[in-house]
Q: 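Please read through the structure below; I'll follow up with questions.
Small disclaimer: the values here were computed from a predicted structure and weren't measured.
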Amino acid sequence: IDISLEICSCCCSLTCSLEVAFILDSSESAKISLFEKQKAFVLSFSTRLSMLQVAGWTLKVRMAALQYSSSVSIEHRFSAWKDLDSFHSRVSTMNYIGHGTYTTYAITNASQLLVQETPTDSVRVAVLMTDGVDHPRNPDVIAAAAEAKGHSIKFFAVGLSDIAQQSQNNAKLRAIASTPTQQFVQSLLDPQLEEKMLKEMVSVGCGVTCRQTPLELVFVIDSSESVGPENFNVIKDFVNALIDRASVSQDTTRVGVVLYSHINIVVVSLGQEATRDDIKSAVRSMVYLGEGTFTGSAIQQANNVFKAARAGVRKMAIIITDGQADKRDSVSLESAVTEAQGSNIEMFVIGVVNESDPLYEEFKKELNFMASDPDTDHVYLIEDFKTLPGDSFMV
């Protein structure tokens, strides 16, 4: 298991909601053969888009489909999204219209659909298929596109044939599309169209404007005698590397830190106004304690820290330890963990132990008890603190 990737994914809680509207030209200028090619592209590309994965992100994709000629027909709405099969069923049964080309109406309808049926913090994308040849009475298409872009809608303009390459038509496609135009103006004739579009979807979406899910994150750090001062410094580097990956603010990820040995210290609480740099500085300044491993008291302290959590926000604790809970602790591990479970705190545990250790199985059992289910997703066993990612932490 790649600890750094798994933990970072959880710490960052990055969710990308991608909303894509396909706009198919069903006018007489497109002809039925080009209309069928557009449908084939939408069916194929939507399949690949639905399977798209981006490391460190949870990608949520919904799609809509419209076709246009002298009128616009909304074939599948965002609000009706169930799954890819139902979307494909609607696209497959679309019938060619074959009247005049009124692209402005298509852009306006798609814009309204995106604004009314998608969250404001989602990534909104419109894929317009056209050759750029409109009916003489078509209203100002460039103005309509400009208004749509004002609603944070990214426009791809996909030319259908060689006609789209003609100077006047190409200029219109470039004016409709978002910038830079070399990324947002594409051609249905391009055999690499789907690959290029997938690449641009990732760039437009998850690399730039996706939201970060709010998170309450508390680190519970073992500073007992078994850890040792050198390994304690490795832990501090690791924690700060994770904090670097989280978008720390009072609106997104808030971080708390509990340090423990025979006593426990709240280094950073969730309620305090602290920047990422403030938290990292506090972690770097932590002093090694070097006494017993009172894990039950530490988890109970973390439970208290979580009492300042925002209502409805995901709560996550990451416990880093190398030893079994000390029996001298006045707080039993069982009661502290039960309290955490009752408070809906998701517990991740990083345990440092060598498999040759005679207490290995007993220690592993204790880690599994502390961690949330399933254990395979929440327990990380390593043999040496130096295998923590530290400064080389990557996603």
Q: For Lys315, enumerate each residue passing the salt bridge (Lys or Arg N to Asp or Glu O under 4.0 Å) test, keeping only those at least two apart in sequence or located in another chain.
A: none
Q: Using side-chain contact (heavy atoms from CB on, under 4.5 Å) as the criterion, list what pairs up with Lys196, not counting sequence neighbours.
A: Gln186, Asp190, Gln192
Q: Under the salt bridge (Lys or Arg N to Asp or Glu O under 4.0 Å) test, which residues partner Arg48, sequence neighbours left out?
A: Glu194, Glu195
Q: Kindly write out the residues that satisfy ring pair (Phe, Tyr, Trp, His ring centres under 6.0 Å) with His262, not counting sequence neighbours, or none if the list is empty.
A: none
Q: What residues form a side-chain contact (heavy atoms from CB on, under 4.5 Å) with Thr104, not counting sequence neighbours?
A: Thr108, Asn138, Pro139, Val141, Ala144
Q: Looking at residues at least two apart in the chain, or sitting in another chain, which of them share a side chain to side chain donor-acceptor pair (under 3.5 Å) with Asp278?
A: Thr275
Q: Holding to side-chain contact (heavy atoms from CB on, under 4.5 Å), I want the full list of residues that pass it with Glu355, two or more places apart in sequence or in another chain.
A: Tyr360, Glu383
Q: Return each pair, listed once, that meets salt bridge (Lys or Arg N to Asp or Glu O under 4.0 Å) where at least one residue sits in residues 171-187; pairs must be two or more places apart or across chains.
A: Asp134-Lys172
Q: By the ring-ring contact (aromatic ring centres under 6.0 Å, His included) test, which pairs, at least two apart or in different chains, include something from residues 96-133?
A: Phe35-Tyr96, Tyr102-Tyr105, Tyr102-His135
Q: Could you pull out all residues at least two apart from Asp326 that satisfy salt bridge (Lys or Arg N to Asp or Glu O under 4.0 Å)?
A: Arg328
Q: Using the test salt bridge (Lys or Arg N to Asp or Glu O under 4.0 Å), find all partners of Glu216 that sit at least two apart in sequence or belong to another chain.
A: Arg254, Arg310
Q: With sequence neighbours left out, write down each residue that passes side-chain contact (heavy atoms from CB on, under 4.5 Å) with Ser73, or none if nothing qualifies.
A: Gln67, Glu75
Q: What are the two closest non-hydrogen atoms of Ser297 and Asp329, and how far apart are they?
A: OG-OD1, 2.5 Å
